[in-house]
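Just below is one structure, and these are the notes that go with it.
In what follows, every chain begins at residue 1, and chains take the letters A, B, ... in the order their sequences are listed. Any value given below was found using the heavy atoms of this structure, including those in side chains, with hydrogens, waters and symmetry copies removed.
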There are 2 protein chains.
Amino acid sequence: MKLITRNTDYAMRALCHIAKQRKESVSAAEMVAALKIPRPFLRKILQTLSSEGLLRSTKGQGGGFALSRSPQKILLTDLIRIFQNTIQLNECVFKKKLCPNRNNCALKKEIDAIEQDVLKRLRGISIASLGNGHHPARSNQGKCHVHHSSVC
Amino acid sequence: MKLITRNTDYAMRALCHIAKQRKESVSAAEMVAALKIPRPFLRKILQTLSSEGLLRSTKGQGGGFALSRSPQKILLTDLIRIFQNTIQLNECVFKKKLCPNRNNCALKKEIDAIEQDVLKRLRGISIASLGNGHHPARSNQGKCHVHHSSVC
DNA sequence: CGTTAATGATACCATTTGAGTATCATTTGT
DNA sequence: ACAAATGATACTCAAATGGTATCATTAACG
Ligand code: FES
Ligand code: FES
């Protein structure tokens, strides 16, 4: 039961990194060096972000990626939607068929309610909110590029 | 991103079913008939519940399973702990190693907070709370044995 | 007793998802 | 022309999920 997968996490880091550089565009190579994410994997992620419209890309020498909208408008939920099949916590399928009983199921009601809460909170997380001091832990310098987009 | 898996769901149904029967013990065969869960799968689940101490079993003719404690004390979180490796929504491991950065990571802080909320709510769900009218949707009679423990 | 109805213990299999790699084609600045 | 970049696509590998199958053991009942 993981809320976010590696894809989503890495995408978050990459986007944060781009947001912090005040450049026209940031290349995959630079991000690989900075974030220590395996190159082909990061490239795939960036391509996805690009095709999904979160990044604009420029090809050729000197090219790279840039945010296609402001950091406040790039939400964690956007990434989850893109990289994780669904954001739904509750499915109740039986042999590929949707449950005929969705409307009067107490367990489903409970889980749906929890889901709404989680979503509400996730929607409050953007790359801006993590990356620019809204939150604590903005202290560490330099070395750690290992995990999550927020700190490194 | 599923909150509960099939195992957990089926276990929930089985436990609710047992709770509703006012009998010394309920056999797997009876539950297969009532809940429409594949027999070998349900048996495995029951065995697990038994070995984990949620059910007491009696072998031999006339045997079966009984709750080993009161329905109020069997929580959804117990089942999640048993059937899903972890209840943690957030792990941040890198090449099998725990993240060296867990203490000053803004994203982790956010997700941890969400996790606490989710857990608090999940802990409020027991087989008693779903099965005996604390919650809505206690209406349907008879036919539907297809999904979730709560309704059928 | 011996049969039969039950669980216990294990081992196995299939599908899906997550995580990551590899390759070739295309674009563009110098 | 060449080098530095992304685009498109296909592939591999491991773990988790969702099951099946088989044989052993126990105990009530006739
Ligand atoms: S916990 Fe590893 S950097 Fe966030
Ligand atoms: S949604 Fe299917 S029974 Fe709960």
Between the main-chain N or O of K44(B) and the side-chain N or O of T48(B), is there a donor-acceptor pair closer than 3.5 Å?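 Checked: pair present.
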Hey, does the side chain of Q84(A) reach the backbone of T5(A) with a donor-acceptor pair shorter than 3.5 angstrom?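 Yes, the answer is positive, given that a donor and an acceptor are paired below the 3.5 Å cut-off.
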Which nucleotide in the set [options] lies at the smallest distance from any side-chain heavy atom of [X]?
| X | options | value |
| --- | --- | --- |
| S27(B) | dG20(C), dT7(C), dG18(D) | dT7(C) |
| S57(B) | dG7(D), dT7(C), dG18(D) | dT7(C) |
| K59(B) | dT20(D), dT25(D), dA19(C) | dT25(D) |
| K44(B) | dG8(C), dT20(D), dT21(C) | dT20(D) |
| P40(B) | dA5(D), dG20(C), dA21(D) | dA21(D) |
| Q47(A) | dG18(D), dA5(C), dG7(D) | dG7(D) |

Length of the line joining Y10(B):OH and dG18(D):C1', which is rounded to integer Å: 9 Å
Remember a base hit wins even if backbone is also touched, and classify [X] as base, sugar-phosphate or nothing at under 4.0 Å, heavy atoms.
| X | value |
| --- | --- |
| S51(A) | nothing |
| T58(A) | sugar-phosphate |
| A28(B) | sugar-phosphate |

Per nearest nucleotide of DNA chain C, the residue lying toward the 5' end, F83(A) or Q61(A), is F83(A)
Do the side chain of R43(B) and the base of dG8(C) come within less than 3.5 angstrom through a donor-acceptor pair of N or O atoms? yes
5' priority, DNA chain D, between G64(A) and N7(B) [closest heavy atom]: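 Of the two residues, G64(A) wins.
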Shortest non-hydrogen separation from V26(A) to M31(A) and the atoms involved: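 Residues V26(A) and M31(A), closest heavy atoms: O-CE, 3.6 Å.
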With D78(B) as reference, evaluate R123(B), K73(B), R69(B) under the salt bridge (Lys or Arg N to Asp or Glu O under 4.0 Å) test and give the passing residue. R69(B)
